[in-house]
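In what follows, a single structure is set out as structure tokens and then discussed.
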Amino acid sequence: MSTVEAMIDAHEHAQIEKLEHMIVGGKVYTPAPLYSSGPVDPSNGPYWKAEYLALPGDQRPVFSMIDDPRLPPMPEKPTLMDYFRYRIGPAEHLLQSARLAKISGCSEKMILASLLHDISMEGFIGGDHGYWGAQLIAPYVDEEVSWAVRYHQALRFFPDPDVGYEYPKAYYQYFGEDYVPDAYIKRDYEYARNHKWYMSARMITINDVYAFDPDVRVDLEDFTDIIGRHFRQPEEGLGFDDSPSSHMWRTIMRPRKFL
């Protein structure tokens, strides 16, 4: 194991919480197995379970089925902008991407796609974030928007000099000089490359790679009208409607709800 790998391993293990740190207001706020896999072996069960069961039965706190009081409270009927304000962040990269899409003359739908392209990365799950993000937003946006978010995941790894997109130099640092995308990424790239909406997803990658300017500040409110026109806000509140992805929004809202 290299020195860097050892440091990462030690850091990950240091992040594993003791049971006492999960108890707030007499309730246990446990992390999902997904978020501790790696530092611990998930096949052994929850890492906090033995410590919990070691407590006398009458001293075991109940598990949380409510909002985590350590997080900012969400409105009763949350909107997309509420999620940006209280659960997704920092969102500066998404805001800069949307700003660049607007400057580039993209349609309002594609400005929204740039605003949402990394929504999973920023607020839910990083791995395969394009696929997760597309599922999150699909019930509420035009099909072209969710399609573009889905396939930017694959297109980002393949240059297209004809439209001004080169393989990002930063990826050599992030993933190494010898990184080769998985077979499913290559498959989805080849599918998207010949699709009628190819340029919609490609524009996300173009506006994505240049959206890391530390001197640029963009306000979420700059996109209020575009969100209002192109994101179908459920009357019950985002996460409390009956869409195929409402449970995913509730997970973002309550990431430590036990069941």
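Residues: numbered from 1 along the sequence shown.
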Y179 vs Y174 side-chain heavy atoms within contact, under 4.5 Å: no
E92 vs E122 side-chain heavy atoms within contact, under 4.5 Å: no
Nearest-0.5 Å distance that lies between atom CZ in R150 and atom CG in D128: 9.0 Å
F175 vs P181 side-chain heavy atoms within contact, under 4.5 Å: no
Reported NZ-to-OG distance for the pair K102 and S114, which is rounded to 0.5 angstrom: 13.0 Å
Under 3.5 Å: donor-acceptor pair, side chain of D41, backbone of S43: yes
Shortest non-hydrogen separation from E236 to K77 and the atoms involved: O-CG, 3.5 Å
Pairwise side-chain contact, F258 with T30, heavy-atom cut-off 4.5 Å (strictly under): yes
Distance, nearest 0.5 Å, that separates CD1 of I227 from CD of Q233: 10.0 Å
Side-chain (S246) to main-chain (D241) donor-acceptor, under 3.5 angstrom: yes
Side chain to side chain contact (heavy atoms under 4.5 Å, CB included) assessment of M110 paired with V145: CA-CA 7 Å; M110 290 305 100; V145 173; 4.0 Å; yes
Under 3.5 Å donor-acceptor, R217 side chain and P214 backbone: yes
Salt bridge flag under 4.0 Å for residues E143 and K109: no
Cation-pi geometry met for R193 and Y198 (6.0 Å, 45°): yes
D82 versus T79, side-chain donor and acceptor atoms under 3.5 Å: yes
Whether Y191 and Y151 hold their rings parallel, tilted or perpendicular, with breakpoints at 30° and 60°: tilted
R87 side chain vs M253 backbone, donor-acceptor pair below 3.5 Å: yes
4.5 Å side-chain heavy-atom contact, L116 and Y140: no
Donor-acceptor under 3.5 Å (D182 side chain, Y184 main chain): no
I119 vs F124 side-chain heavy atoms within contact, under 4.5 Å: no
Flag, side chain of R60 to backbone of L53, donor-acceptor distance under 3.5 Å: yes
Interatomic distance, D208 atom CG to H152 atom NE2 [nearest 0.5 angstrom]: 5.5 Å
M121 vs H93 side-chain heavy atoms within contact, under 4.5 Å: no
Between D118 and H129: side-chain donor-acceptor atoms closer than 3.5 Å: yes
Heavy-atom side-chain proximity of Y86 to P73 below 4.5 angstrom: no
I185 versus F158, closest heavy-atom pair with distance: CG2-CE1, 4.0 Å
Main-chain N/O of W249 paired to Y83 side chain as donor or acceptor, under 3.5 Å: yes
Gap between atom SG of C106 and atom CG of L112 - 0.5 Å precision: 12.0 Å
Enclosure of D242 CG (heavy-atom neighbours >12, cutoff 6.0 Å): no
Aromatic ring pairing Y52/W48, orientation class (parallel under 30°, perpendicular over 60°, tilted between): perpendicular
Whether S120 side chain and I125 backbone form a donor-acceptor pair below 3.5 Å: yes
Trace of the salt bridge (Lys or Arg N to Asp or Glu O under 4.0 Å) decision for K196 with E144: CA-CA 10 Å; K196 64 179 180 180; E144 182 180 359; over 6 Å; no
Separation of R202 CZ from N207 CG (nearest 0.5 Å): 12.0 Å
Distance-minimising heavy-atom pair for Y29 and S64: CE2-OG, 2.8 Å
